[in-house]
Amino acid sequence: MERRTFVRAASAAAVGSALPAPTLGAERSTLLEAPFVHTPQLVAPVVISDSSGVRFKNGGPQSGVERAFQLIAEGTDVLDALIAGVNIPELDPEETGIGYGGLPNEDGVVQLDSCCMHGPKRQAGGVAALEGIRTPSLVARAVMDNTDHHLLVGKGAQDFARNMGFEVEEDLNTDRSRALWLEWRRRIDPLHYLDPARRRRIGYEVGLDMVREGLVDRNSFWGTINCNGIGPDGAICGVTTTSGLAWKIPGRVGDSPILGAGLYVADGVGAAGSTGRGEANLFNLSSFLIVEHLRRGAHPKDAGMAALERVKENTVEERLLNDRGLPAFDLRFFVLDAAGRYAGVAMYGSSESSYGLCTENGVEEPLLEGLLDGSPTG
Ligand code: GLY
């Protein structure tokens, strides 16, 4: 479909300047065609994701980045390929931060968020607080393909999915996610609201204790997969999918399904997406900011670091700062530009924090570049 719409921007501009003042009909046709201008350029394909894209295989032979890269190399639409890639961790019961078996909300219900963006088509779709469907990325794609909307939430999203033929299950918990939720409930009354005296969320603190004790994988607490890719003709797409913050207030939506926060893609410019504390990202719309830095020519690493700096500057509440006065949370961005350059950046780097990458050289797990030394706890 893109072939039909591959119109060189330069020739379109030249045609436009040679035309007399357009009639309403001509103006309409120019407006309709404009979003589909995609200037193909030869690029070595790249797929980048957070570590879930390499850590989980759902019992199969390939990780998410590997699957997506193979499909792109075979000529599959880039967004279709990326979604096939993230379907692997979404369906893997061992991955407790994404899709089936994701850690549930404070009521024990798994609620999933996702969005996707197609660069060349200038199209996007998303779902939030979706229950009962293991692969929210496919529902986000269905919103993009079949509706005039960009975001459906809650029961409306589930009804839409059912009507589109998705199987709706009663419960997406696995024995593991349910047992971890029970452990959390055993430890604390569900006081997710701020204690007015200390402005602390007690339930959240207990959740982090479970991370520190090794009961809950740190990556699963805000567990998310963002996966971005570029095809050989320069087509850039992205998808983000998550079960969101563990033990969240029912209905809480993080950054993942929000265009400009959990994901942003601009054809001919680049893509960025995130994992980590969604609230910090929502406040700063970091993925949009990163792509705008790419648009001005920044390298993906510098663009990502600039967004992390912005998040750091805007983190002023005492409850969100560690004893060094720095953000007491992590946030990570996966950035890809139209030349196929890429970077994985994090608020805190460490020798154990890597991201997923697949290029013609195969799968790699490079270390994330950190803005700050140390860790969220100090
Ligand atoms: N970044 C995932 C979330 O906060 O929901």
Side-chain angles (χ1 to χ4, degrees), residues 48-53 86 89-90 95-99 101-107 109-117 126-131 136-137 140 151 153-154 157 172 177 181 192 201 203-205 207-208 211 216-228 238-264 271-290 304 307-308 311 314-315 320 327-335 344-348 353 355-356 368 376:
I48 183 171
S49 80
D50 59 277
S51 62
S52 299
V86 301
E90 280 181 327
E95 165 54 281
T96 53
I98 301 166
L103 294 176
N105 65 22
E106 69 178 10
D107 288 346
V109 177
V110 180
Q111 290 187 324
L112 304 176
D113 302 333
S114 180
C115 74
C116 62
M117 292 186 79
V127 288
L130 174 68
E131 298 176 13
S137 63
L151 184 60
V153 307
L172 293 185
S177 64
W181 173 75
H192 265 79
R201 287 172 301 172
Y204 173 77
E205 293 286 304
L208 283 181
V211 172
V216 174
D217 178 24
R218 177 172 289 283
N219 289 314
S220 297
F221 199 62
W222 290 276
T224 303
I225 180 167
N226 161 246
C227 188
N228 305 316
V239 59
T240 301
T241 176
T242 187
S243 53
L245 176 67
W247 335 131
K248 61 195 171 187
I249 295 171
R252 177 266 187 188
V253 172
D255 55 334
S256 302
I258 305 301
L259 305 180
L263 175 69
Y264 199 73
S274 62
T275 68
R277 182 177 157 78
E279 282 72 11
N281 188 13
L282 273 173
F283 191 84
N284 294 281
L285 291 180
S286 310
S287 292
F288 181 76
L289 181 64
I290 290 170
L308 288 166
V311 171
N314 278 332
T315 303
L320 296 173
F329 54 83
D330 206 1
L331 186 60
R332 300 169 178 193
F333 297 112
F334 310 95
V335 190
V345 299
M347 188 65 83
Y348 292 94
S353 307
Y355 63 100
L368 288 158

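Both ligands and their constituent atoms are indexed starting at 1 by order of listing. All figures in this text were calculated on a predicted structure; none of them were measured in a lab.
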Answer side chain, backbone, both or neither: which part of T224 comes under 4.0 Å from ligand 1, heavy atoms only. side chain
Classify the side-chain pair T275/D50 by whether it contains a donor and acceptor separated by less than 3.5 Å. no
Taking only residues two or more places apart in sequence, or in another chain, which ones meet N314 in a side-chain hydrogen bond (donor to acceptor under 3.5 Å, both in side chains)? N284
Is there a donor-acceptor pair under 3.5 Å between the side chain of N281 and the backbone N or O of S286? yes
Nearest heavy-atom pair of S274 and D255: which atoms, and what distance? OG-OD2, 2.7 Å
Show me which atoms of ligand 1 lie under 4.0 Å from any heavy atom of G244. 5 (O)
Taking atom 1 (N) of ligand 1 as the point of reference, which of G278, S256, A280, G276 owns the nearest heavy atom? G276
R252 to ligand 1, any heavy atom closer than 4.0 Å: yes
State the atoms of ligand 1, each with its element, that fall below the 4.0 Å cut-off from a heavy-atom position in L245. 5 (O)
Is the shortest distance from a Lys or Arg side-chain nitrogen in R252 or E106 to a carboxylate oxygen in the other one below 4.0 Å? no
Applying a heavy-atom cut-off of 4.0 Å, say which part of Q111 lies close to ligand 1: side chain, backbone, both or neither. neither
Do ligand 1 and D255 have nitrogen or oxygen atoms that lie under 3.5 Å from each other? yes
Residues in side-chain hydrogen bond (donor to acceptor under 3.5 Å, both in side chains) with N228, at least two apart? N226
